[in-house]
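Single-structure report; data block below.
A quick note: this is a predicted structure, and the numbers were derived from the prediction, not measured.
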Amino acid sequence: MRGSPDRRGPQLRRGAVATGVQGAGALVYLAAFVPDVGESCATLGGPDAPVNAWIRPFSDGFTYVPEDVAPGLFYGDCTPSAARDAASLLVPQAAGHGRGEVSTAAWRHVRSLYVVCTQDRATSPDLQRRMASRCSAARVFDASHSPYISRPQAIADANTEFAAA
């Protein structure tokens with residue numbers, strides 16, 4: 001794993017974090033958790049979540065996915081170069097990551113699109129389908145966990161169609 005817990009990359013609001021956003025006009029979830037009030041990503045994914053087999057301890061309670069595993073786990077349908085580049089940007093996760101319970105479920109009040117990725121090796125496609133049922137619209141892609149890298153035009157088209165509907 002390159003980097004350290006102090007290394008910071010772009011901060012995106014995903015899954016549980018996006019769920020708590022106030023004032024959003026719409027939400028888009030890509031192979032993500034859609035927790036309800038009182039739920040956490042850890043409880044939704046459960047102990048058998050596919051990614052759990054690859055999580056390793058890091059210093060100070062942080063955890064990480066080994067860089068040699070990450071390309072296949074998160075970027076299986078990306079070009080080898082794109083998968084290596086994306087994996088090199090991963091940083092260790094803080095202790096307790098995914099265990100916080102959400103206090104607001106914005107998806108209950110605003111339009112939401114869920115993109116199910118049927119070739120995802122990190123988040124179960126079956127769990128994704130359950131999460132998608134909470135959203136107001138869903139699309140299914142034959143893609144890995146990171147369709148924004150492997151299928152950016154398809155994601156852009158899905159967002160455009162969703163926005164226009």
Side-chain angles (χ1 to χ4, degrees), residues 1-24 26-78 81-110 112-117 119-132 134-135 143-150 152 155 159:
M1 179 88 203
R2 292 183 194 157
S4 69
D6 296 327
R7 185 173 151 209
R8 304 279 182 223
Q11 299 298 307
L12 302 174
R13 297 189 180 273
R14 293 180 227 163
V17 176
T19 295
V21 169
Q22 298 295 308
L27 302 169
V28 177
Y29 295 91
L30 304 176
F33 292 102
V34 183
D36 204 348
V37 173
E39 293 178 333
S40 71
C41 296
T43 57
L44 288 171
D48 298 326
V51 72
N52 288 349
W54 299 107
I55 295 175
R56 303 291 182 261
F58 198 73
S59 65
D60 297 328
F62 281 69
T63 60
Y64 73 102
V65 171
E67 194 171 335
D68 63 326
V69 172
L73 188 63
F74 299 123
Y75 316 109
D77 63 337
C78 299
S81 175
R84 280 190 308 275
D85 289 349
S88 76
L89 298 173
L90 295 175
V91 297
Q93 298 290 312
H97 175 75
R99 291 187 181 91
E101 295 179 354
V102 299
S103 58
T104 304
W107 56 267
R108 289 191 164 279
H109 310 289
V110 300
S112 54
L113 170 65
Y114 194 101
V115 175
V116 175
C117 297
Q119 299 305 313
D120 194 337
R121 296 178 188 153
T123 304
S124 161
D126 288 336
L127 174 61
Q128 290 180 48
R129 286 183 187 90
R130 288 195 307 274
M131 296 292 95
R134 294 179 169 186
C135 295
S144 69
H145 189 71
S146 303
Y148 50 90
I149 297 172
S150 64
I155 294 297
N159 283 324

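Put simply, the side chain of S124 gets close to the backbone of L127: a donor and an acceptor are under 3.5 Å apart. At distances below 3.5 Å, at least one donor-acceptor pair connects side-chain atoms of R121 with backbone N or O atoms of G72.
Heavy atoms only, all atoms of each residue included: V116 and P125 are closest at CG1-O, 4.2 Å. Closest non-hydrogen pair, C78 versus S150, comes out as SG-CB, 3.7 Å. Nearest heavy atom pair, residue T123 against residue A31, reads OG1-O, 4.0 Å. The two residues S112 and R134 have their closest heavy-atom pair at OG-O, 4.5 Å. A pairwise comparison of heavy atoms in L27 and A18 identifies CD2-O, 3.7 Å as the closest pair. The two atoms that bring A106 and V21 nearest to each other are CB-O, 3.4 Å, heavy atoms only.
The side-chain heavy atoms of W107 and Y114, taken from C-beta on, include no pair separated by under 4.5 Å. Taking the side chain as every heavy atom from C-beta outward, M131 and L44 approach each other to under 4.5 Å.
We find the OG-CG distance between S144 and D77 to be 3.5 Å, quoted to the nearest 0.5 Å. Atom CZ of R130 is separated from atom CG of D126 by 6.5 Å, given to the nearest 0.5 angstrom. Remark: F33 CZ to T19 OG1 distance equals 11.0 Å, nearest 0.5 Å. From I155, atom CD1 reaches atom CG of L113 across 8.0 Å, with rounding to the nearest 0.5 Å. To the nearest 0.5 Å, atom CG of residue D85 and atom OH of residue Y75 are 10.5 Å apart.
In this structure, the ring pair (Phe, Tyr, Trp, His ring centres under 6.0 Å) partners of F74, at least two apart in sequence or on a different chain, are H145. R108 pairs by the side chain to side chain donor-acceptor pair (under 3.5 Å) definition with D36, not counting sequence neighbours.
Between the side chains of D120 and Q128, at least one donor N or O sits under 3.5 Å from an acceptor N or O.
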